[in-house]
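Since the structure is predicted, the reported quantities are computational estimates derived from the model, not experimental observations. Below, each value reflects all heavy atoms present in this structure, side chains not excepted, and no hydrogens, waters or symmetry copies.
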Amino acid sequence: MSTYGIDLGTTYSCIARLDSNGNPEVIRNNDDDSNTVASVVFFENANNVVVGQAAKENIETDGDRVVQFVKREIGKRDTRTYEFDGKTYTPVEISALILARLKDLVESQGGTIEDVVITVPAYFGLEERSATKQAGELAGLNVLSLINEPTAAALSYCARQFQEDRTILVYDLGGGTFDVTVVEMSMTQNESGNDVQKINVLATGGDDRLGGKDWDDKLFDHILHVCCEESGLTPEEIEAETRQDIRSKVEEAKRKLSKKQSAKVRIDVNGSRTEVVVTRKDFEEMTSDKVAQTMNFVESTLQKVPGVNIDTVLLVGGSTYMPMIKNAVEEKFPGKVQQHDPDQAVAKGAAIYASMLVVEEGTGSGGGEKTSGETSEGETSDEKNSEVDQLTTKFDVEDQTPRSFGPGVVDTKGSKHKYVLENFIKIGEKMPAVFSKTYYPLEDNQERVRLRAFENMSNDDTLIPCVDEDGNPQATDPAHNVKLLGELIVNLPPDTSRDTPIKVTFKVDASGVHVEAVNTKTNEVFETFLRTESDIDPEKSAVHQLRISSD
Ligand code: ADP
Ligand code: MG
């Protein structure tokens, strides 16, 4: 059974595994003659749901039955749901349909798939991460772990051409998002004393609302404008079919302009044929502000690592096929730009990481066995696995935390109780990040304590007053974007004194947050973390927090 890496993209998704030589390979999408699957779902009728390019072709004419860009909704609070033929779908369920399509792709080509690593944007918070994992499980996959997209891209590059002590800037312009990441590659030794290549993330930045779609929209507006001029019609008079015709052709025209100096687009404007010629120069002019926007993010990300010297810039994401991108980046980093599998690097890196996890930790559905034994095709694969082992044990990936995390507790010093959020782990710390601290019950003979865990965007040690008396995040502090992640109930035995130490531990890795509390008098461990509001029992939650120090 192979392990797979999945790039669940905003506009396109991709799935890869390691071949028998230990090299990452993408599973082809033969239906669309492509390496990717469009992340678009068309609910044709109660019995038929279409995922991929065929779904995309219905956007303008049947738009209310098409779901796209669902990655922007996944794991968000108060997010929308979608209703088709009497059934309601959450963003997690829609994402699961896309993942199931990728699973089908593997199975239709005779492969077996269970263990996967799914990639997520570096800026995804905990809820987006758990929702992504949940989507994988719903699609019938065993999600070994998540990995940040730029880290996966760097891993894939590193596997191909490792050079010691180099700093790489990953410029990832996809369909709907833009990410910048500064990564350091170095040689180090692992616990067993073997040399490993280390990938260390130094800074991340970007915009989750900037991507190839913006270039499509500009081209769409331009072509619509020309059609109106030629036909004498106003934009309102242009029929939905014509719009769909333009919509379905802009992306192709954009791709043509990556190769050629001009592209001809034939449109049926309300029944009469119009030909629009767009030159690369025109296209570059109409989108130059978007290119500049990406370069501003590059600048601001570089400022997070003062004095850094970039050796190589790695272009990933389908939109970096546009020559204007390469030119702009080349202008800032002359002679340092490399384009590396723009639309496959992320999935390939995830495939390498997935194999690494199985080899190193013996995790996965194989029940702790390493990848040796039989492959899904039935051949013995000792040879294959030694190659895979060689490749995958060469790396050590060190990523950064996307947010700050900590519990809400009571500070009893002073005349009035203060409800504070103590940041155990802060944005940009190396993952996995672990931190523990000891607290105490608020009163003698307390039946239980309630431990609330928060995520936020602040780098302060403590946030006051970010939580109210009931431990809820305060709306008065939107800048820090404090989110309640859930809570842990710690039941205390009768006659517990208020001096009983309760040790609280937070552990954060790319897959999520693990919260644990230990009553150090009884050594009882509590780790059942209630994530959703409906799980939280208001009766139990109403009172009894933890206080900071023993006084
Ligand atoms: P995401 O991960 O955000 O889904 P991808 O990295 O797969 O995105 O990139 C998809 C974007 O790349 C789309 O906007 C697509 O139109 C664009 N793209 C793909 N190939 C080309 C090309 N040859 N020229 C210009 N844009 C391209
Ligand atoms: Mg992407």
Side-chain angles (χ1 to χ4, degrees), residues 1-39 51-52 95 98-121 132 135-136 139 141-161 170 172 174-175 199 314 316-318 320 339-359 364 371 375-377 381 384-385 387-392 394-395 397 510:
M1 165 106 42
S2 305
T3 49
Y4 288 79
I6 296 180
D7 169 7
L8 180 61
T10 315
T11 54
Y12 287 92
S13 298
C14 183
I15 180 161
R17 68 170 162 217
L18 298 194
D19 69 13
S20 51
N21 297 314
N23 294 318
E25 66 172 2
V26 157
I27 313 300
R28 286 281 296 173
N29 172 6
N30 294 326
D31 284 359
D32 299 349
D33 190 26
S34 151
N35 288 317
T36 54
V37 169
S39 308
V51 180
S95 305
I98 300 168
L99 290 166
R101 174 77 192 100
L102 295 171
K103 185 170 180 264
D104 277 355
L105 215 61
V106 172
E107 287 166 352
S108 68
Q109 295 173 31
T112 334
I113 170 170
E114 202 163 329
D115 296 338
V116 299
V117 164
I118 304 178
T119 65
V120 287
T132 304
L141 301 166
N142 177 39
V143 185
L144 295 177
S145 173
L146 303 175
I147 181 173
N148 289 345
E149 285 159 14
T151 313
L155 188 55
S156 151
Y157 170 78
C158 202
R160 256 190 8 183
Q161 49 191 110
V170 182
D172 179 358
I199 296 175
L314 205 58
V316 293
T320 63
Q339 199 165 29
H340 164 66
D341 276 344
D343 49 4
Q344 302 171 33
V346 171
K348 286 182 174 176
I352 297 173
Y353 191 62
S355 305
M356 233 166 96
L357 293 179
V358 175
V359 170
T371 51
T375 66
S376 52
E377 288 78 29
S381 58
K384 165 184 167 164
N385 289 308
E387 299 273 4
V388 174
D389 282 4
Q390 263 180 27
L391 176 76
T392 54
K394 269 188 349 199
F395 298 104
V397 177

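- The shortest non-hydrogen separation linking Ala152 to Ala350 is CB-N, 3.9 Å.
- In this structure, Tyr12 has no ring pair (Phe, Tyr, Trp, His ring centres under 6.0 Å) partners at least two apart in sequence or on a different chain.
- Between Leu18 and Pro24, some side-chain heavy-atom pair lies under the 4.5 Å cut-off.
- Closest non-hydrogen pair, Ala139 versus Leu99, comes out as CB-CB, 3.8 Å.
- The heavy-atom pair separating Thr119 from Asp7 by the smallest distance is OG1-CA, 3.3 Å.
- Side chain of Gln339 to backbone of Thr320: a donor-acceptor contact under 3.5 angstrom is found.
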What verdict does the side chain to side chain contact (heavy atoms under 4.5 Å, CB included) test give for Ile147 and Met356, after you've listed the backbone C-alpha separation in whole Å, the side-chain angles of each residue and the deciding distance to 0.1 Å? CA-CA 12 Å; Ile147 181 173; Met356 233 166 96; over 6 Å; no
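- The structure places CG of Leu105 at 11.0 Å from OG of Ser13, a figure rounded to the nearest 0.5 Å.
- Between the CD1 atom in Ile352 and the CZ atom in Arg17 there is a gap of 14.5 Å [rounded to 0.5 Å].
- Evaluation of the side chain to side chain contact (heavy atoms under 4.5 Å, CB included) rule for Ala345 yields Ala153, Ser156, Val316, His340, Asp341 as partners, not counting sequence neighbours.
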Show your reasoning for whether side chain to side chain contact (heavy atoms under 4.5 Å, CB included) applies to Leu141 and Ile113. CA-CA 7 Å; Leu141 301 166; Ile113 170 170; 3.8 Å; yes
Given the rule in the side chain to side chain contact (heavy atoms under 4.5 Å, CB included) test, do Val170 and Glu149 qualify, once you have shown the distances and angles that lead to the verdict? CA-CA 10 Å; Val170 182; Glu149 285 159 14; over 6 Å; no
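- Across all non-hydrogen atoms, the minimal contact from Leu314 to Ala154 is CD2-CA, 4.4 Å.
- For Asn30 (side chain) and Asp33 (main-chain N/O), no donor-acceptor pair under 3.5 Å exists by modelled atom type.
- Going from atom OH of Tyr353 over to atom CG of Asn148 covers 9.5 Å, rounded to the nearest 0.5 Å.
- The heavy-atom pair separating Gly136 from Val143 by the smallest distance is CA-CG2, 3.9 Å.
- Considering every non-hydrogen atom in both Asp172 and Gly317, the closest pair reads OD1-CA, 3.5 Å.
- Separating the CG atom in Leu146 from the CD1 atom in Ile118 is a distance of 6.5 Å, to the nearest 0.5 Å.
- For the side chain to side chain contact (heavy atoms under 4.5 Å, CB included) with Tyr4, the lone residue among Asp115, Leu144, Val116, Leu102 that qualifies is Val116.
- Rounded to the nearest 0.5 Å, atoms CG (Asp343) and OG1 (Thr11) are 10.0 Å apart.
- Here the OG-CZ distance, from Ser39 to Arg101, works out to 12.0 Å after rounding to the nearest 0.5 Å.
- Contacts of Asn35 classified as side chain to side chain contact (heavy atoms under 4.5 Å, CB included), with partners at least two apart in sequence or in another chain: Val26, Arg28, Gln344.
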